[in-house]
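Report on the following structure.
In what follows, chains are A, B, ... by sequence order, proteins preceding strands, each numbered from 1. What's counted below: heavy atoms across the whole structure, side chains too, no hydrogens, waters or symmetry copies.
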Amino acid sequence: MIKDITIGQYMPGETSIHRLDPRIKILATIVYISILFFIKGFFPYLYVLGYLGMVIWLSEISPKTILKSLKPLAVIILLTLVFNIFMTPGEKLPGFGFLPITKEGLYQAGYMGLRLMFLITGASLLTLTTSPIALTDGIEKLLNPFKKIGVPAHELAMMMTIALRFIPTLLDETDKIMKAQMARGADFESGNLFSRAKAMIPLLVPLFISAFRRAEELALAIEARCYRGGENRTRMKQLKLKGIDYSASLITLLLCVAIIFTR
Amino acid sequence: MTSIISAQNVVFEYISHDDNKVTALDNVSQEIKKGEFVAVLGHNGSGKSTLAKHFNALLLPSKGTVYIKGMDTRNEENTWNIRQTAGMVFQNPDNQIVATVVEEDVAFGPENLGVEPHEIRKRVDEALKTVGMQDYAKDAPHYLSGGQKQRISIAGVLAMKPECMILDEPTAMLDPSGRKEVMETIKRLNKEEGITIILITHFMDEAVQADRVVVMQRGNAIMQGTPKQVFAEIDKLKSVGLDVPQVTELCARLHKEGIDIPLDVLTVEEMVVELCRLK
């Protein structure tokens, strides 16, 4: 059961969106999110909808999956709607009795709600179509120019890679320890929250000890393989921009221009 | 033939957690020739892993010197050259694979050495082919079996183009079929690629396949010679808590009963030949 946990929410695929350079995808997402805050009024949302719709269609990700990615933030969206509807001062609409619903409130709620939903959908499209490894590579390459001002680009990427590499190993181990403790009568499933948390101690202690041991061995192993930080290091896989990356950048730029013009 | 590894009067001492001074290696001298396949046998705590780590400059001798291809391990300038010349494979396959994709892990070593990207690509493909894992290049390591993971680790070292490979109990955590895979890979590297192999092990049947066996006990190399010479001394091996291959033990017992059979039989095939000769 514990093995089914997937890392991130990557949906493997071979579509043009999947094959885009991760750097372009990360940058496009940042640009897209920023431009959302430039929007005034409802009309420019049509452009955003068109852009998002095209990406979703090209990436062959089902709308169901997209909706699922909105679910964890449903509470926040709902709260935003409620606050905006009831807290915006303005012309009170008749027919709601004592509820102070204003015209401006409804407008504001719809506007903010849409912004939030577009924002989350755009961000999840990045993680849905980019594997964690590609994301790590992209982040490392994008941060490279900032090395001069002390951003540890390589170290961050290395840490992410090792974390990704060891998640399945540690999950396996948790499963093993859990079964071993259960065989000796440990109970992880009954009791109240407090006693269940307490039952986790015999699981966590061995897990931590073994994680530290693994870390030590891994450190020795990478040292034996001549690892000495990011300096003078080359990479086998070089990221190269292709035609499709340029067209994607162009389309994203067009979206920005279109939105700025509506102001 | 010249020595690729030369250890002279190596002493290694460390302070254990209860403040006692422990002598893990006590005046060990070893010459390992280029292209040789040496097995180092010994019980837990005999100092065999400690010795192996000296050959890769992961540990430095307290006294004495270790030379790898003429480079002194104590000289820090040599460290990276030494680690590239003498690659090391460890016991636990899970704790030495760094990347989440097989080919990226194999590329890790040459990337650290600053090799050109297209050259790395070439080396990775070659190394994976040598260990017979080319079909798994794009897979995630955690879906592979122990033997396959260990072959990936070997490929990772191979991609650094080493002249010598030190394997520290590479089969200890594997099942029998995994052990066989790894042993076959090691032997092929030695025979076909001419890579010097130092295999640390406590399995007798693995040591039998080496050119030379060194037996370690309490930080000393107490016996060495060809497998036939070493395993013929059954009593001495047993006194240090090591076993001999089953057929060798059988020979010794037959010999004791007055049957004229040599004492240095190591494999079942040899045993068959000897038994047929008796008639």
Side-chain angles (χ1 to χ4, degrees), chain A residues 2-3 5-8 10 12 14 131-137 140-141 154-155 157-173 175-176 210-240, chain B residues 49 52-53 55-59 79-101 103-125 137-138 140-143 149 153 156-157 159-160 162 165-166 168:
Chain A
I2 211 156
K3 267 207 124 158
I5 302 172
T6 48
I7 314 156
Y10 176 56
E14 277 296 321
S131 73
I133 310 159
L135 265 182
T136 312
D137 276 355
E140 181 178 5
K141 287 275 151 55
H154 165 74
E155 284 74 9
M158 182 77 180
M159 269 155 52
M160 277 169 72
T161 312
I162 290 175
L164 287 172
R165 154 73 187 81
F166 276 91
I167 286 169
T169 311
L170 290 179
L171 280 178
D172 264 358
E173 188 133 304
D175 208 27
K176 241 186 247 167
S210 107
F212 279 111
R213 206 188 48 235
R214 280 181 195 281
E216 214 176 316
E217 277 184 35
L218 183 74
L220 204 67
I222 64 175
E223 222 179 292
R225 288 169 76 183
C226 291
Y227 180 68
R228 53 200 129 160
E231 261 170 79
N232 296 328
R233 208 165 177 269
T234 46
R235 296 301 306 269
M236 174 173 75
K237 282 214 176 110
Q238 300 288 318
L239 293 176
K240 259 199 207 103
Chain B
S49 275
K53 289 194 180 102
F55 293 160
N56 190 267
L58 285 172
L59 290 176
T79 306
W80 306 111
N81 273 332
I82 287 169
R83 290 191 184 152
Q84 192 256 312
T85 311
M88 188 144 179
V89 176
F90 295 86
Q91 184 181 47
N92 190 335
D94 274 324
N95 296 351
Q96 52 186 320
I97 293 176
V98 194
T100 38
V101 181
E103 59 174 14
E104 301 242 347
D105 186 73
V106 178
F108 182 73
E111 283 178 345
N112 289 335
L113 296 172
V115 177
E116 290 300 314
H118 63 273
E119 167 72 13
I120 301 181
R121 180 80 256 171
K122 221 175 81 198
R123 286 191 188 186
V124 168
D125 293 343
K138 308 267 182 214
H142 67 271
Y143 290 123
K149 279 188 236 180
S153 305
V157 173
M160 292 166 72
M165 201 180 284
I166 302 144
D168 189 358

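Within the 4.5 Å cutoff, the side chain of B:V98 has heavy atoms near those of the A:M158 side chain. Taking 4.5 Å as the limit, some side-chain heavy atom of B:R83 sits within range of a side-chain heavy atom of A:E223. Counting only heavy atoms from C-beta outward, the side chains of A:D172 and B:H142 never approach each other to under 4.5 Å. In this structure, the side chains of B:I97 and A:F166 stay at 4.5 Å or more apart for every pair of heavy atoms. Counting heavy atoms from C-beta on, the side chains of B:E111 and A:Y227 never come closer than 4.5 Å. Looking at A:R214 and B:N92, their side chains come closer than 4.5 Å, going by heavy atoms from C-beta outward.
With a 4.5 angstrom heavy-atom cutoff, B:E103 touches chain A via backbone and side-chain atoms both. Of the atoms belonging to B:V124, it is side-chain heavy atoms, and not backbone ones, that fall under 4.5 Å from chain A. B:F108 touches chain A through backbone and side chain together, each having a heavy atom under 4.5 Å away. If you measure heavy-atom distances from B:P110 to chain A, the contacts under 4.5 Å come from the backbone alone. With a 4.5 angstrom heavy-atom cutoff, A:T161 touches chain B via backbone and side-chain atoms both. Only the side chain of B:L58 comes within less than 4.5 Å of a heavy atom in chain A; its backbone stays farther off. Heavy-atom distances place the side chain of B:N56, and not its backbone, under 4.5 Å from chain A.
Salt bridge status for B:E104 with A:R235: present, with a side-chain N to carboxylate O gap under 4.0 Å.
We find the CD1-OG1 distance between A:I133 and B:T100 to be 3.5 Å, quoted to the nearest 0.5 Å. Atoms CG and CD1, from B:N95 and A:I222 in turn, are 12.0 Å apart once rounded to the nearest 0.5 Å.
A 6.0 Å sphere centred on CD of A:Q238 holds more than 12 heavy atoms belonging to other residues, nucleotides or ligands. By the 6.0 Å contact criterion, NZ on B:K122 is open, its count of non-hydrogen atoms from other residues, nucleotides or ligands being 12 or less.
The shortest non-hydrogen separation linking B:F90 to A:A221 is CE1-CA, 3.6 Å.
Checked options B:D105, B:V101, B:D94; the residue passing with A:R165 is B:D94 (criterion: side chain to side chain contact (heavy atoms under 4.5 Å, CB included)).
With A:R225 contributing its side chain and B:Q96 its backbone, the two residues share a donor-acceptor pair below 3.5 Å. Between the side chain of A:T234 and the main chain of B:V115, a donor-acceptor pair closer than 3.5 Å is present.
Chosen from B:S153, B:G87, B:A107, B:G114, the residue pairing most often with chain A at heavy-atom distances under 4.5 Å is B:G114.
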